[in-house]
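Just so it is clear, the model here is predicted, and its values are computed rather than measured. Below, chains carry the letters A, B, ... as their sequence lines are ordered, and counting in each starts from 1.
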2 protein chains.
Amino acid sequence: MTAQQTRAWKIGQLAAETGLTVRALHHYDHLGVLRPSARTSTGYRLYSESDVERLYRVMALRQLGLPLDAIGAVLDGQTSIGELLDAHREHLDRQLVAMRTLRAQLATVAAAGRTGDAASVTDFLELIRKVITVDDTIKQYFNDEQLAQLAERRATLGEAAIAEVEAAWPTLIARVQAAVDAGVDASSTQAQQLAAEWMGLLEQFHGGDEDLHGSLYRMYAENTERIEAQHGGPPPALIEFIKAATTARN
Amino acid sequence: MTAQQTRAWKIGQLAAETGLTVRALHHYDHLGVLRPSARTSTGYRLYSESDVERLYRVMALRQLGLPLDAIGAVLDGQTSIGELLDAHREHLDRQLVAMRTLRAQLATVAAAGRTGDAASVTDFLELIRKVITVDDTIKQYFNDEQLAQLAERRATLGEAAIAEVEAAWPTLIARVQAAVDAGVDASSTQAQQLAAEWMGLLEQFHGGDEDLHGSLYRMYAENTERIEAQHGGPPPALIEFIKAATTARN
DNA sequence: CTTGACTCTGACGTAACGTCAGGCTTTATG
DNA sequence: CATAAAGCCTGACGTTACGTCAGAGTCAAG
C-alpha cells in the first residue's frame with residue numbers, strides 16, 4: 001500500500017500542533033497567503049509538508065511587520081528560505097535590542113525609586129519613548145527599498161555576529177546595575193564573575209570588527225558617555241564597579 | 001511673574017516628545033484612560049506632569065496586554081508606581097525569554113541550512129510554535145487572578161534576579177552555537193572567553209536560589225536533555241565544546 | 001445508526017487607532 | 001496688522017487580523 005508518503009494535516013490538527021487557531025488558517029486561506037495544496041473529496045482542507053514550510057514563511061514575514069496581503073505577494077515572488085531565516089533573526093535582534101534598552105531603563109528607574117528618589121517626568125517621558133520604540137520596532141512596516149533587499153542578499157555574517165555581541169551589553173549592564181543596587185561588594189566572587197563577563201564581552205571584539213571594537217573599547221577606556229548614548233543604560237557607577245572588581249582581584 | 005511652575009504640554013508637543021500620535025492621545029482621552037487635567041479657554045488639551053506619569057502607566061499596562069478600557073479601570077483603582085515598574089519589567093523578561101528561544105532556534109536551523117542539511121518539517125513546526133509563543137507572550141491577556149496580583153505584592157526580588165540570569169542562557173547558547181558553526185577552535189581565546197562566560201553563569205547560581213542552581217548545575221553535569229527542554233536551544237555539541245575549551249585551558 | 005467532535009462557508013463584531021472633513025486658534029511673516 | 005500656515009477641535013468612517021456565532025454537512029466511535 002502507498003502508506004502516507006508525505007504527511008498531511010487537517011486544519012484542526014495543524015492548529016493544535018502550531019498554536020494557531022483554525023480561524024486564522026481560514027483567514028490565511030481566504031486572503032490567499034496560505035492555500036492548502038489539497039482538499040478531501042468532501043472539502044476538508046489538507047495541509048502538506050510544503051504548506052507547513054510556507055506557513056512558517058508567513059509567520060516570519062508577519063513578524064517582520066508585513067501586512068498579510070503583502071505577504072502573499074512576497075511569497076509568490078521567490079525568496080530562499082535561508083535569506084528569510086536570516087532576515088527573521090535580524091529583525092528579532094533589533095527587537096531584542098529595543099526591549100533590552102527599555103528593560104534597562106525600567107530597572108534603573110525602579111532601583112532609584114527603591115533608594116528613595118522618586119521618578120521624575122523626564123524618566124517617564126524616556127520610558128514612554130522607549131515603549132513606543134519597542135512598538136515601532138515590532139511593527140516596522142517595510143518600505144519598498146527594504147522589500148527589495150529581502151530579495152537581494154544582505155547582512156554580512158560579520159555584522160550579525162557583532163550585533164549579537166553588542167546586543168549582549170544591555171543584559172550585562174542590567175545585571176551589574178542590579179549588583180550595584182544590591183550593594184554587592186566589589187571583592188566578592190559575584191562581582192568577580194560580572195567583571196569577567198564584562199571583560200569577556202570586550203575581548204570578543206578583539207577578533208571581530210575593527211571599528212566597533214575601537215568604539216567599544218574606548219567606551220570602557222573613556223568611560224561613560226558613549227555607552228550611555230548607545231545603550232540608554234546606566235553608566236559610570238557600573239564602570240567604577242567593574243574597575244574595582246577587576247583591581248580587587250589582583 | 002509666576003513662571004511655569006509645572007510644565008504643560010499641548011497635545012502635539014506631547015506627541016512629538018513621546019513618539020505617540022495625536023490621534024492616539026485623542027483616543028485615550030475618548031476612552032477615558034488619559035484625560036488631560038486641563039484645557040485652555042479655547043478647548044486645547046493641556047497635559048500636566050502627572051498626566052505624563054499616568055501616560056506611562058497606560059503604556060506599561062498596554063504593553064502588559066490589557067485592553068484600553070480595562071486600563072482605565074485599573075488606573076482608577078490604585079497601584080503604586082513601583083509595583084507597576086516591577087510588573088512591567090517582569091513582563092518584558094518573559095517576552096525576552098520567548099524571543100531568545102525563538103532566536104536560538106532560528107540560528108540553529110539557519111546554521112544547519114548553511115552546512116548542507118535542509119530544514120525539515122519538524123523544524124518548521126517548531127519555529128511556528130515559537131513564533132506563536134512570542135505572540136502570546138506579548139498579548140497575554142490577564143485573568144482576574146493576575147490583575148489581583150498586580151494590586152498585591154509579587155515577585156520576590158530573588159525570583160527576578162534568577163529569572164534574569166536564566167534569561168541570559170539562550171543568548172550565550174546562541175553565541176556558542178555560532179562559534180561552533182564557525183568552526184572556532186576550542187583552544188582559541190574566543191573559545192576561552194565563551195567558556196568563561198558559561199562557567200560564570202553557572203557560578204552566578206551558587207549564591208542564589210538552591211533549587212534552580214541544582215537543576216542548572218545538573219544541566220551541565222548530566223548534559224543535554226534539560227537544557228534542550230527548558231530553553232529549546234541547541235545542546236550536546238555545545239557542552240562538548242565548552243568542556244573542550246575548559247580543559248584546553250589547563 | 002446515532003451522537004459528539006470536527007469541518008465548511010458566510011457574515012457580522014472588535015480593538016486600537018488611521019485618515020479625512022469641516023471649522024476654529026495660534027503663530028509666523030511680509 | 002492682515003493673512004497665511006500650522007496646530008487643535010470634534011465627529012465619523014475606514015482598516016487590519018482575526019474572534020465569534022450561525023446553519024449545515026462529515027467523520028469516528030459505540
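- Non-hydrogen atoms lying under 4.0 Å from DNA chain D are contributed by Thr42(A), Tyr44(A), all within residues 37-44 of chain A.
- Between Leu46(A) atom CG and dC27(D) atom P there is a gap of 11 Å when expressed in whole angstrom units.
- With sequence neighbours excluded, the residues satisfying side-chain contact (heavy atoms from CB on, under 4.5 Å) with Ile71(B) are Val33(B), Val58(B), Leu61(B), Arg62(B), Leu66(B), Leu68(B), Leu75(B).
- We find that OH of Tyr28(A) is positioned 19 Å from C1' of dC8(C), with the value rounded to whole Å.
- Following rounding to the nearest Å, His30(A) (NE2) and dC8(C) (P) show an atom-to-atom distance of 14 Å.
- The side-chain contact (heavy atoms from CB on, under 4.5 Å) test applied to Glu17(A) returns Arg7(A), Trp9(A), Leu125(B), Arg129(B), not counting sequence neighbours.
- Looking at which nucleotide of DNA chain C each of Lys10(B) and Leu31(B) is closest to, the 5′-most match is held by Leu31(B).
- Of the residues in residues 16-27 of chain B, those with a non-hydrogen atom less than 4.0 angstrom from any atom of DNA chain D are Arg23(B), His26(B).
- Asp69(A) places none of its side-chain heavy atoms less than 4.5 Å from the side chain of Leu31(A).
- Residues passing the side-chain hydrogen bond (donor to acceptor under 3.5 Å, both in side chains) test with Asp123(A), sequence neighbours excluded: Ser120(A).
- Straight-line distance from the CG atom of Leu64(B) to the C1' atom of dA16(C): 17 Å, rounded to whole Å.
- Here the P atom of nucleotide dT9(C) and the CG atom of Asp29(A) are 7 Å apart, to the nearest Å.
- The separation between Gln13(B) atom CD and dA6(D) atom P is 17 Å, rounded to whole Å.
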Q: Would you sort out whether Asp76(B) and Arg57(B) count as a salt bridge (charged side-chain N to carboxylate O under 4.0 Å, His left out), showing the intermediate values?
A: CA-CA 11 Å; Asp76(B) 290 340; Arg57(B) 293 185 191 234; over 6 Å; no

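- Applying the side-chain hydrogen bond (donor to acceptor under 3.5 Å, both in side chains) rule to Ser48(A) yields the partners Ser37(A), Ser50(A), Asp51(A); only residues at least two apart in sequence or on another chain are considered.
- Residue pairs meeting the ring pair (Phe, Tyr, Trp, His ring centres under 6.0 Å) criterion with at least one partner in residues 17-61 of chain A, sequence neighbours excluded, are Tyr56(A)-His88(A), Tyr56(A)-Phe124(B).
- One finds no side-chain N or O of Arg45(B) lying less than 4.0 angstrom from the OP1 or OP2 phosphate oxygen of dC8(D).
- Note: CD1 (Ile138(A)) to C1' (dA17(D)) measures 16 Å, nearest angstrom.
- Arg35(A) is linked by a side-chain contact (heavy atoms from CB on, under 4.5 Å) to Asp29(A), counting only residues two or more places apart in sequence or in another chain.
- dG19(D) atom P lies 8 Å from atom NZ of Lys139(B), rounded to whole Å.
- With sequence neighbours excluded, the residues that form a side-chain hydrogen bond (donor to acceptor under 3.5 Å, both in side chains) with Thr40(A) are Thr42(A).
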